[in-house]
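Sharing a structure, written as structure tokens. Questions coming.
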Amino acid sequence: MIKIGKVTIYVEDQEQAKDFWINKVGFVLKFEQPMGPGMAWIEVGPENDFATLVLYSKALMKKQKPENVAHPTLLFSTPNIEEAYERLKNNGVKVDELQKFPYGSMFTFYDQDGNQYLLREDK
């Protein structure tokens, strides 16, 4: 069986990204290890979930493989969209309007670098 383990997000500032995902979104720090001067391997994710986001230096990746720096499209899920919307909004996260469709509710939110993500409700 294959499952999602890690998704890498290329960020301008790893500490700001870590703060965003932990203190605004509510993820926990899963792993952090120095990789050299001014660089660390940082993983964050939901507390009881196996999958993590790797917050990797965009500047370093541009030097290693510039073609890989494009931002991925990530769709997150929640069992309570209204609660998640209010929590992110109250934590100062930029959010678009909560959209309700016959097939489900969702909204877009933005990280500290302006990257967008979609959060949808799973029922």
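Numbers here simply count residues along the sequence, with the first being 1. Quick note: numbers below take in every heavy atom, side chains included, and nothing from hydrogens, waters or symmetry partners.
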(request) Report the hydrophobic cluster partners of Phe101, with the cluster defined as I, L, V, M, F, W, Y residues connected by side-chain heavy atoms closer than 4.5 angstrom, directly or transitively. (result)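 Traced through the cluster, Phe101 reaches Leu75, Tyr103, Met106, Leu118.
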(message) Is it the case that atom CD in Glu32 sees more than 12 heavy atoms from other parts of the structure closer than 6.0 Å?
(response)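 More than 12 within 6.0 Å, yes.
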(message) Can you give me the closest heavy-atom contact between Asn91 and Asn23, atom names plus distance?
(response)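 The answer is ND2-O, 3.9 Å.
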(request) Identify the residue among Lys62, Lys63, Glu67 that makes a side chain to side chain contact (heavy atoms under 4.5 Å, CB included) with Lys65. (result)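 So the option named by the test is Glu67.
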(message) Test of understanding: clusters of I, L, V, M, F, W, Y form through side-chain heavy atoms closer than 4.5 Å, transitively. Do Leu98 and Val95 belong to the same one?
(response)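 Cluster IDs for Leu98 and Val95 match.
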(request) Supply the atom-to-atom distance Lys30 NZ to Ile42 CD1, rounded to the nearest 0.5 angstrom. (result)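 Between Lys30 NZ and Ile42 CD1, I get 15.5 Å after rounding to 0.5 Å.
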(message) Could you check whether any side-chain heavy atom of Val11 comes within less than 4.5 Å of a side-chain heavy atom of Gln16, counting everything from C-beta outward?
(response)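 Counting from C-beta outward, Val11 and Gln16 never come under 4.5 Å.
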(request) Using the rule that two of Ile, Leu, Val, Met, Phe, Trp, Tyr join whenever any of their side-chain heavy atoms come within less than 4.5 Å, decide whether Phe50 and Ile22 are in one cluster. (result)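 No, because Phe50 and Ile22 fall into different hydrophobic clusters, even though each may have its own neighbours under 4.5 Å.
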(request) Could you tell me the separation between the CZ atom of Arg120 and the CZ atom of Phe76, rounded to the nearest 0.5 Å? (result)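 Answer for the CZ-CZ pair, Arg120 versus Phe76, is 13.5 Å.
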(request) Enter the distance from Thr52:OG1 to Phe31:CZ here, rounded to the nearest 0.5 Å. (result)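 One finds 10.5 Å between OG1 of Thr52 and CZ of Phe31.
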(request) May I have the step-by-step check of side-chain contact (heavy atoms from CB on, under 4.5 Å) for Leu74 and Ile9, ending in yes or no? (result) CA-CA 10 Å; Leu74 295 176; Ile9 298 176; 3.8 Å; yes
(request) List in chain and number order the residues that pass salt bridge (charged side-chain N to carboxylate O under 4.0 Å, His left out) with Lys100, two or more places apart in sequence or in another chain; answer none if no residue qualifies. (result)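 Once residues adjacent in sequence are excluded, the partners of Lys100 under the salt bridge (charged side-chain N to carboxylate O under 4.0 Å, His left out) criterion are Glu82.
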(message) For Tyr117 and Trp21, take the angle between the two ring planes, folded into 0 to 90°, and tell me which bin it lands in: parallel under 30, tilted 30 to 60, perpendicular over 60.
(response)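 Ring orientation of Tyr117 relative to Trp21: perpendicular.
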(request) Give the minimum heavy-atom separation between Tyr56 and Gln14, together with the two atoms involved. (result)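 Nearest heavy atoms, Tyr56 then Gln14: CA-NE2, 4.0 Å.
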(request) Heavy atoms only: give me the nearest Glu121-Asn80 pair and the separation to one decimal. (result)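 Of all heavy-atom pairs spanning Glu121 and Asn80, the closest is OE2-CA, 3.5 Å.
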(message) Are Val69 and Tyr110 connected into the same hydrophobic cluster when the rule is that any two of I, L, V, M, F, W, Y join if their side-chain heavy atoms are below 4.5 Å apart?
(response)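 Not linked; separate clusters.
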(request) Hey, could you give me the OH/CG distance between Tyr85 and Asp96, rounded to the nearest 0.5 Å? (result)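 It comes to 8.0 Å.
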(message) Test: salt bridge (Lys or Arg N to Asp or Glu O under 4.0 Å). Region: residues 39-60. Which pairs qualify, not counting sequence neighbours?
(response)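 Applying salt bridge (Lys or Arg N to Asp or Glu O under 4.0 Å) to every pair that reaches into residues 39-60, excluding sequence neighbours, yields Lys6-Glu43, Glu12-Lys58.
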(request) Taking all non-hydrogen atoms of both residues into account, name the closest pair between Ala17 and Gln112 and its distance. (result)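 Smallest heavy-atom distance, with atoms named: CB-NE2, 3.3 Å.
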(request) To the nearest 0.5 Å, tell me how far Leu119 CG sits from Leu88 CG. (result)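 Leu119 CG to Leu88 CG: 7.0 Å, rounded to 0.5 Å.
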(request) Return the minimal non-hydrogen interatomic distance between Leu53 and Phe27, and the atom names on each side. (result)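 Scanning both residues, the minimum pair turns out to be CD1-CE2, 3.9 Å.
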(request) Measure the spacing between CE of Met35 and CH2 of Trp41 and express it to the nearest 0.5 Å. (result)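 Here the interatomic distance stands at 6.5 Å.
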(request) Check whether any side-chain heavy atom of Val25 sits under 4.5 Å from a side-chain heavy atom of Val44, and report yes or no. (result)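 Not in contact.
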(request) Mind listing the closest non-hydrogen atom pair of Phe20 and Asp111 along with its distance? (result)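 Smallest interatomic distance, heavy atoms only, reads CZ-CA, 3.4 Å.
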